[in-house]
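Just so you know, these numbers use all the heavy atoms, side chains as well, and skip hydrogens, waters and symmetry mates.
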Amino acid sequence: MTLKIATSYCLFLFLLLSAFSLQAQPGPERASQTVEIHGAVVNGTGRRPVNPEKLELIRPGQQMTVLHTMENPGPTFRFPPAERVSVPFLIRATYQGETYVTVVPPVPERQDAAQTVEVFEAGAQKQDLNIMPGVELLNEEGGLRINLVYSVENVSNPPRTFAGEQFQIRIPDSAKITGCQLAHQSSRMPAPFSCGAENGVIRVPKGFRPGSSQLTIQLEQSQRNYLDPETSYPFKVIVWKPEKAKPAIQNQKATEELKIRGLGPALKVDYASDPVEYSMPNDSFHYANPLQSDYNPVFDRTWHTVLAVLAAGAILLLAISILSSFRIQVRRTR
């Protein structure tokens, strides 16, 4: 089941914190201890110390809690003491208008060690990006929920950030944006951000740092036909829920059936120059909450359903990583 981005983010964070807690093995004597997170900020483009515009020490949770903020801290830093608890700290650096997050696990040895916060110069070009786009179609009673997923690998050399406001996504006028998030391999933590469309075009305000990033744009619409106007990629990987609600496709160049582990059946749809239309059936609905269904023949008890939602949510949070492991990488054609 695919949950809304905020819910998915909380579940992902819960799983991440649980994993860290197992490593940390906290004891009652640690609850009152404090730690001074310290380290250095390094420019990953020139491999030299650098002065960021801002550093923030953050404790993640249902809401991000900023514990301390340092303006123009210099290339080395030391935050004031913070309570040492069994959750990770995040160090968020702002450099040349872009933000970079470093995760500090809740392990005393890691927290006490000097941290290296890496930032990068801007300047990566479109030809430095390998992009694989995917589309997830959820056929719900009230209409369609569409997740646009972009696996982006920045291979610039020397490593530079592809600055925000350069990456554009076309969406149909019928679609409403309900959420945007970006995750990078360095933290694996999806970070929601504000985004909007102007004349049917989303300009992503976040940049892509060197390495692999996963961008997700969540849309919804009342119509069951999704006309995809983004034709600047040679193909896209299409998945849908429920499995029996396979979309009918028009204006595609070619299609190929796939089987993606953890996601089930999928299609590789080759694009030409015209928008591709996906038509979903008027039945076979997907339920974000299985309890909304009148009858659930598989999970006939409430606790079975709850466990299924958690498990399915965890699987779908890996969807972006599974898509990025697909062997074909695609460059934008314009």
Side-chain angles (χ1 to χ4, degrees), residues 1-12 132-151 169-181 183 190 192 195 197 202 214-230 236-250 252 255 257-269 275-296 298-299 305-306 308-323:
M1 301 292 174
T2 298
L3 307 180
K4 290 185 178 179
I5 278 183
T7 306
S8 298
Y9 173 69
C10 293
L11 176 57
F12 179 90
M132 201 196 74
V135 179
E136 182 183 35
L137 301 169
L138 307 177
N139 197 37
E140 300 184 343
E141 280 190 306
L144 288 185
R145 190 176 299 278
I146 306 105
N147 294 320
L148 308 181
V149 181
Y150 294 84
S151 174
I169 301 171
R170 294 187 59 82
I171 63 172
D173 293 336
S174 60
K176 174 185 175 183
I177 302 171
T178 57
C180 302
Q181 66 178 14
C195 65
I202 299 174
Q214 313 297 337
L215 171 67
T216 303
I217 307 295
Q218 189 179 56
L219 310 173
E220 64 179 23
Q221 63 178 42
S222 58
Q223 300 94 324
R224 300 204 179 276
N225 292 359
Y226 176 67
L227 186 65
D228 185 2
E230 182 59 85
K236 296 184 182 181
V237 175
I238 310 299
V239 296
W240 60 90
K241 297 292 180 183
E243 288 188 9
K244 59 183 179 179
K246 183 177 179 180
I249 307 175
Q250 294 182 354
Q252 77 276 26
T255 59
E257 293 189 356
L258 304 172
K259 190 77 172 180
I260 300 179
R261 186 175 59 186
L263 289 180
L267 291 172
K268 173 178 170 287
V269 179
V276 175
E277 184 174 12
Y278 300 92
S279 301
M280 303 296 283
N282 290 319
D283 52 12
S284 303
F285 298 128
H286 164 80
Y287 294 94
N289 179 4
L291 295 178
Q292 294 172 348
S293 178
D294 293 334
Y295 173 61
N296 190 335
V298 179
F299 304 109
T305 300
V306 172
V309 171
L310 294 176
I315 289 173
L316 283 168
L317 285 169
L318 298 176
I320 301 175
S321 297
I322 293 171
L323 284 176

Do Tyr278 and Val135 pass the side-chain contact (heavy atoms from CB on, under 4.5 Å) test, and can you show the C-alpha distance, the side-chain angles, and the key distance before you say yes or no? CA-CA 11 Å; Tyr278 300 92; Val135 179; 5.7 Å; no
Under the side-chain hydrogen bond (donor to acceptor under 3.5 Å, both in side chains) rule, collect the residues that match up with [X], sequence neighbours excluded.
X: Tyr226; value: none
X: Gln252; value: none
X: Ser284; value: none
X: Asn225; value: Glu277, Ser279

Distance in Å, [X] [atom1] paired with [Y] [atom2], rounded so as to fall on 0.5 Å steps:
X: Asp283; Y: Arg224; atom1: CG; atom2: CZ; result: 9.0 Å
X: Lys241; Y: Glu140; atom1: NZ; atom2: CD; result: 13.0 Å
X: Glu220; Y: Lys176; atom1: CD; atom2: NZ; result: 5.5 Å
X: Leu219; Y: Ile202; atom1: CG; atom2: CD1; result: 6.0 Å

Glu230/Lys236 under side-chain contact (heavy atoms from CB on, under 4.5 Å): CA gap, chis, key distance, verdict: CA-CA 10 Å; Glu230 182 59 85; Lys236 296 184 182 181; 3.4 Å; yes
Would Trp240 and Asn139 count as a side-chain contact (heavy atoms from CB on, under 4.5 Å) if you check the C-alpha gap in whole Å, the side-chain angles of each, and the deciding distance to 0.1 Å? CA-CA 8 Å; Trp240 60 90; Asn139 197 37; over 6 Å; no
Name the residue from Ile217, Thr178, Leu138 that meets the side chain to side chain contact (heavy atoms under 4.5 Å, CB included) definition with Asn147.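 It is Leu138, the one option of Ile217, Thr178, Leu138 that forms the side chain to side chain contact (heavy atoms under 4.5 Å, CB included) with Asn147.
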Positive for side chain to side chain contact (heavy atoms under 4.5 Å, CB included) with Ile177, one of Ile169, Leu148, Ile171: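 Exactly one candidate clears the test, Ile171.
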Tell me every residue that passes side chain to side chain contact (heavy atoms under 4.5 Å, CB included) with Ala266, counting only those two or more places apart in sequence or in another chain.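 For Ala266 the side chain to side chain contact (heavy atoms under 4.5 Å, CB included) partners, ignoring immediate neighbours, are Val237, Val239, Leu258, Ile260.
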Do Pro265 and Lys259 come within less than 4.5 Å of each other through their side chains, counting heavy atoms only?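 With C-beta onward as the side chain, the pair touches.
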Is there side-chain contact between Gln221 and Ile146, with at least one heavy-atom pair below 4.5 Å?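 A side-chain contact under 4.5 Å exists here.
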Which atoms form the tightest heavy-atom contact between Gln223 and Ser174, and what is the distance?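 Closest approach of Gln223 to Ser174, heavy atoms only: NE2-CB, 3.6 Å.
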Show the nearest heavy-atom pair for residues Ala245 and Met280, with the distance to one decimal.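 Closest pair (atom of Ala245, atom of Met280, distance): O-CE, 3.2 Å.
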